[in-house]
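Written out below as structure tokens is the structure these notes cover.
Below, each value reflects all heavy atoms present in this structure, side chains not excepted, and no hydrogens, waters or symmetry copies. For reference, positions follow the sequence shown, starting with 1.
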Amino acid sequence: MKRPFLVRHQVSCQAGLHCRYQLESRSGHPVNPFCQHHLAWAEFAHEVCEHSGLPLDFEQSGGLVFCLGEEEWAKRTALNDRIARENPQADRGTEMIERPELERLLPKASLGPTVVGASFGYNDGHSNPLHLLTSLHAAVGRMGGRMRFADPVRRIAPQGDGFRVETAGAINDCRRVVVAAGLASADLARPLGLELPVHEQRGQILVTERTVPFLPLPASGLRQTREGTVMIGATQEDVGFNTDTTAEATAKLATRATQIIPALAERVIVRQWAGLRVLSPDGAPIYVQSERHPGAFAAICHSGVTLAALHAGAMAEAVSTGAIPAVLQPFGTERFHVQARS
């Protein structure tokens, strides 16, 4: 293998919340070094399959963001234009397509009357995160790594020229450590001189019964799995750590979905899930190494599936070399004016 793996584990229900992820190459961060990271996903997927011996269920044929009405069309157009201006050397990768062309892309989907078009991302795709996680675990094991399950980390402390990681069942000493525990990261990282300003946000999705394939491309908030179910999402709710599902979310999500594809009103909702996103104040990832205790890193993001190829490359490079590479440096905690504590 040409580069080391970094397996990112998080405590939130993010992986359970989204059974399929759209690989968004269109970040809204003012400095966006990730515009081309989608190019690494195909290589990353091949590498994971090769080392795990398991299928990954990864497709990268483009993706959509539906626009209902002229106002949504104008806002999406402005966002795509702004990102293109901020990344003039990057491949734009997106195009606004009007309804007639959208209908040609989706010949088996009868669109609602308010759908005026969509933003099409040429490089978007989706992957089953459960298959990805299983494959990563298998690959790590086959390469000599060890995974500890059901053994939560209680404390990480500097020790000599390394660190001591205390779990419920063991004590592990190491030279370098990566805190990637989602919403639990802030407490674990604080003794290492890292202040991580993260907060939770609830997201809910709906899952329909299986139906014949009609959505060949993933869309933001609406996608059909290989098994035939349709996933409808997702809410953005500031309700603390509450992971209850609500009737209000059901109504909101179902209303928009049926505005896009009215035939979905005939499908039965078989599941509704809620989980917690892990977010920084500006919604962008956090990648940082402790200045007080070099060798202690933190990686925080939503979502780890979307950015898995970047983590396996740039973040693993940071851990192996002891230095944050240039592509990740704009995403340190200094942008929040957070001071490290002893």
Task: Derivation of the side-chain contact (heavy atoms from CB on, under 4.5 Å) call for Val288 and Leu196 - done: CA-CA 9 Å; Val288 64; Leu196 304 177; 4.1 Å; yes

Task: Worked verdict on Arg292 versus Leu192 for side-chain contact (heavy atoms from CB on, under 4.5 Å) - done: CA-CA 7 Å; Arg292 187 176 297 276; Leu192 306 176; over 6 Å; no

TODO: Please test Thr211 against Leu264 for side-chain contact (heavy atoms from CB on, under 4.5 Å), starting from the C-alpha separation and ending with a verdict.
DONE: CA-CA 10 Å; Thr211 186; Leu264 285 173; over 6 Å; no

- [ ] Might you work through the side-chain contact (heavy atoms from CB on, under 4.5 Å) test for Val140 and Met147, ending with a clear yes or no?
- [x] CA-CA 8 Å; Val140 169; Met147 307 287 294; 4.0 Å; yes

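The closest donor-acceptor contact from the side chain of Ser185 to the backbone of Gly182 lies under 3.5 Å. When atom types are taken as modelled, the side chain of Thr250 and the backbone of Thr246 share a donor-acceptor pair closer than 3.5 angstrom. A donor-acceptor pair under 3.5 Å links the side-chain atoms of Gln289 to the main chain of Gly322, judged by distance alone. Within the 3.5 Å criterion, the main-chain N or O of Ile171 finds no donor-acceptor partner in the side chain of Arg164. Side chain of Thr167 to main chain of Gly169: a donor-acceptor pair is present (N/O by atom type, distance under 3.5 Å, no hydrogens or angles). Here the side chain of Arg76 pairs no donor or acceptor atom with the backbone of Glu71 at under 3.5 angstrom. Looking only at distances, no side-chain donor or acceptor of Gln224 sits under 3.5 Å from a matching main-chain atom of Pro218. A donor-acceptor pair under 3.5 Å is absent between the side-chain atoms of Ser290 and the main chain of Pro294, judged by distance alone. Side chain of Glu317 to main chain of Pro325: no donor-acceptor pair is present (N/O by atom type, distance under 3.5 Å, no hydrogens or angles). A donor-acceptor pair under 3.5 Å links the side-chain atoms of Ser52 to the main chain of Val48, judged by distance alone.
Partner Leu222 forms a side-chain contact (heavy atoms from CB on, under 4.5 Å) with one of Leu64, Val230, Leu253 and no other, that one being Val230. Among Ile205, Leu206, Val207, the one residue that satisfies the side-chain contact (heavy atoms from CB on, under 4.5 Å) test with Gln272 is Leu206.
When only modelled atom types and interatomic distance are considered, Glu95 and Ser119 share no side-chain donor-acceptor pair under 3.5 Å. At a cut-off of 3.5 Å, with distance as the only test, a side-chain donor of Gln204 or Glu237 sits close to an acceptor on the other residue. In this structure, a donor-acceptor pair under 3.5 Å is absent between the side chains of Gln60 and Asn123.
Considering CD of Gln236 and CG of Leu279, their distance stands at 8.0 Å, rounded to 0.5 Å. Going from atom CG of Asp187 over to atom CD1 of Ile156 covers 11.0 Å, rounded to the nearest 0.5 Å. Annotation: the span from Phe44 atom CZ to His311 atom NE2 amounts to 10.0 Å, rounded to 0.5 Å. Interatomic distance, Met96 CE to Glu101 CD, rounded to the nearest 0.5 Å: 11.5 Å. Asp238 CG to Glu200 CD: the interatomic distance, rounded to the nearest 0.5 Å, is 8.0 Å. Atom CG of Leu328 and atom CG of Leu310 lie 5.5 Å apart (nearest 0.5 Å).
Across Arg277 and Ala234, no two heavy atoms sit closer than the pair NH2-CB, 3.4 Å. Closest heavy-atom contact between Ala284 and Arg335: O-NH2, 3.3 Å. Residues Ala219 and Phe66 share a closest heavy-atom pair of CB-CE1, 3.4 Å. Closest heavy-atom contact between Pro197 and Thr333: CD-CG2, 4.4 Å. Taking each heavy atom of Ile324 and Gln329 in turn, the nearest pair found is O-NE2, 3.0 Å. Shown here for Phe163 and Arg175, the closest heavy-atom pair between the two residues is CE1-O, 3.4 Å.
Lys252 pairs by the salt bridge (Lys or Arg N to Asp or Glu O under 4.0 Å) definition with nothing, not counting sequence neighbours. Listed by chain and number, the residues in a salt bridge (Lys or Arg N to Asp or Glu O under 4.0 Å) with Arg256 are Glu72 (sequence neighbours excluded). In this structure, the ring pair (Phe, Tyr, Trp, His ring centres under 6.0 Å) partners of Phe149, at least two apart in sequence or on a different chain, are His137.
Hydrophobic clustering of Ile, Leu, Val, Met, Phe, Trp and Tyr side chains at less than 4.5 Å, counting indirect connections, unites Leu215 with Ile260. Under a hydrophobic-cluster definition in which Ile, Leu, Val, Met, Phe, Trp and Tyr are linked whenever side-chain heavy atoms come within less than 4.5 Å, directly or via other members, Tyr287 and Val319 are assigned to the same cluster. Tracing side-chain contacts under 4.5 Å through hydrophobic residues (I, L, V, M, F, W, Y), one never reaches Leu276 starting from Val239; they form parts of separate clusters. No continuous path of hydrophobic side-chain contacts links Leu106 to Val116 [ILVMFWY only; heavy atoms under 4.5 Å]. Placement of Phe120 and Leu111 within a single hydrophobic cluster is found when ILVMFWY residues are connected by side-chain heavy-atom separations under 4.5 Å, directly or transitively.
Note on Arg267 versus Glu209: salt bridge recorded, some NZ/NE/NH1/NH2 to OD/OE distance being below 4.0 Å. With salt bridges taken as basic N to acidic carboxylate O contacts below 4.0 Å, none links Glu227 and Arg210.
Within the structure, the side-chain hydrogen bond (donor to acceptor under 3.5 Å, both in side chains) test picks out the following pairs touching residues 103-115 (sequence neighbours left out): Arg99-Glu103. Residue pairs meeting the side-chain hydrogen bond (donor to acceptor under 3.5 Å, both in side chains) criterion with at least one partner in residues 138-150, sequence neighbours excluded, are Arg148-Asp151. Within the structure, ring-ring contact (aromatic ring centres under 6.0 Å, His included) pairs that include any residue of residues 217-249 do not occur (at least two apart or interchain).
The aromatic ring centroids of His126 and Phe58 lie 6.0 Å or more from each other.
Heavy atoms from other residues, nucleotides or ligands lying under 6.0 Å from NE2 of His199 number more than 12. More than 12 non-hydrogen atoms from other residues, nucleotides or ligands lie less than 6.0 angstrom from CD of Glu50.
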